[in-house]
Amino acid sequence: MSPPSDDDFRTHSPTAPIDDTPTVSCSRCGEEWDLSYELDELQLGNQSVEQFALDHRRHTGHFPDDVSPWVVSCRRCPDGEQFLSEASARRWARAHARHTRHEVSMDHADDDGVVITPE
């Protein structure tokens, strides 16, 4: 075993804390937000980006950058909605088709459209 060197006893400066707070931007609004409020105050955790996007749409009428909703729309009546999760969109489409006997289309920017038919 080698004797200790001066480097073994040197106090290393602590590393700076990692700031991994997610940020969301909107080119239409020309703004960028960090989601520390959603994480710290609202304690939304993994849902913070989704909740911010939904709130942003509610207040501005559009989603922030890089957020593409699932759009469900009835093919016979004016009913329709936008969802951020496929599961929620599919649930709405199935319920509407079941209750009205109408076909409902589901579309997303990353996928080909799907038609939900009444059972």
Side-chain angles (χ1 to χ4, degrees):
M1 183 148 109
S2 62
S5 70
D6 287 343
D7 287 339
D8 292 334
F9 299 104
R10 183 179 303 162
T11 306
H12 297 283
S13 60
T15 59
I18 296 172
D19 182 13
D20 59 353
T21 304
T23 59
V24 175
S25 61
C26 179
S27 56
R28 289 176 72 176
C29 295
E31 296 283 339
E32 181 176 279
W33 301 267
D34 76 36
L35 301 186
S36 57
Y37 175 77
E38 286 76 7
L39 290 170
D40 300 337
E41 298 296 321
L42 300 178
Q43 299 182 357
L44 294 173
N46 291 340
Q47 301 298 316
S48 62
V49 174
E50 182 174 353
Q51 190 59 55
F52 182 88
L54 291 170
D55 289 344
H56 187 76
R57 179 177 170 260
R58 232 177 262 121
H59 293 286
T60 64
H62 61 268
F63 285 105
D65 297 345
D66 301 323
V67 175
S68 299
W70 284 87
V71 179
V72 290
S73 51
C74 181
R75 291 183 151 192
R76 287 190 50 197
C77 70
D79 281 350
E81 262 314 318
Q82 294 182 356
F83 299 92
L84 294 183
S85 76
E86 180 182 4
S88 298
R90 191 169 298 279
R91 186 172 38 255
W92 188 95
R94 286 182 177 154
H96 185 80
R98 184 174 60 250
H99 290 283
T100 62
R101 311 294 295 158
H102 297 170
E103 288 187 343
V104 177
S105 63
M106 282 181 48
D107 298 295
H108 190 267
D110 297 335
D111 266 348
D112 293 331
V114 175
V115 175
I116 306 297
T117 58
E119 295 175 3

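These figures come from a predicted structure and were not determined experimentally. Just so it is clear, the values below take in all heavy atoms, side chains as well, and ignore hydrogens, waters and symmetry mates.
- For residues 70-89, the salt bridge (Lys or Arg N to Asp or Glu O under 4.0 Å) pairs, not counting sequence neighbours, are R75-E103, E86-R90.
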For residues 104-119, which side-chain donor-acceptor pairs fall under 3.5 Å, sequence neighbours excluded?
unit_1 : atom_1 : unit_2 : atom_2 : d
S105   : OG     : S73    : O      : 3.3
S105   : OG     : S73    : OG     : 3.2
H108   : ND1    : D110   : N      : 3.0
H108   : NE2    : S68    : O      : 2.8

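- Among residues at least two apart or in separate chains, salt bridge (Lys or Arg N to Asp or Glu O under 4.0 Å) pairs with a member in residues 51-70 are D55-R58.
- A perpendicular orientation is assigned to the rings of H62 and H56, their planes being inclined by more than 60° (bins at 30° and 60°).
- Of all non-hydrogen atoms in P22 and S48, the two that sit nearest each other are CG-OG, 4.3 Å.
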Q: Apply the test side-chain contact (heavy atoms from CB on, under 4.5 Å) to residues F83 and R91: give CA-CA distance (whole Å), side-chain angles for both, the deciding distance (0.1 Å), then the verdict.
A: CA-CA 10 Å; F83 299 92; R91 186 172 38 255; over 6 Å; no
Below 3.5 Å, can you tabulate the donor-acceptor pairs from side chains in residues 31-43 to any protein atom, sequence neighbours excluded?
unit_1 : atom_1 : unit_2 : atom_2 : d
D34    : OD1    : S36    : N      : 3.1
D34    : OD1    : S36    : OG     : 2.7

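- Qualifying ring pair (Phe, Tyr, Trp, His ring centres under 6.0 Å) partners for H102, counting only residues two or more places apart in sequence or in other chains: H96.
- Contact detail for L84 and F63: the closest heavy-atom pair is CD2-CE2, 3.7 Å.
- Contact detail for W70 and A89: the closest heavy-atom pair is CB-CB, 3.6 Å.
- Think of V71 as one node in a network of Ile, Leu, Val, Met, Phe, Trp and Tyr side chains linked at under 4.5 Å; it has no links at all.
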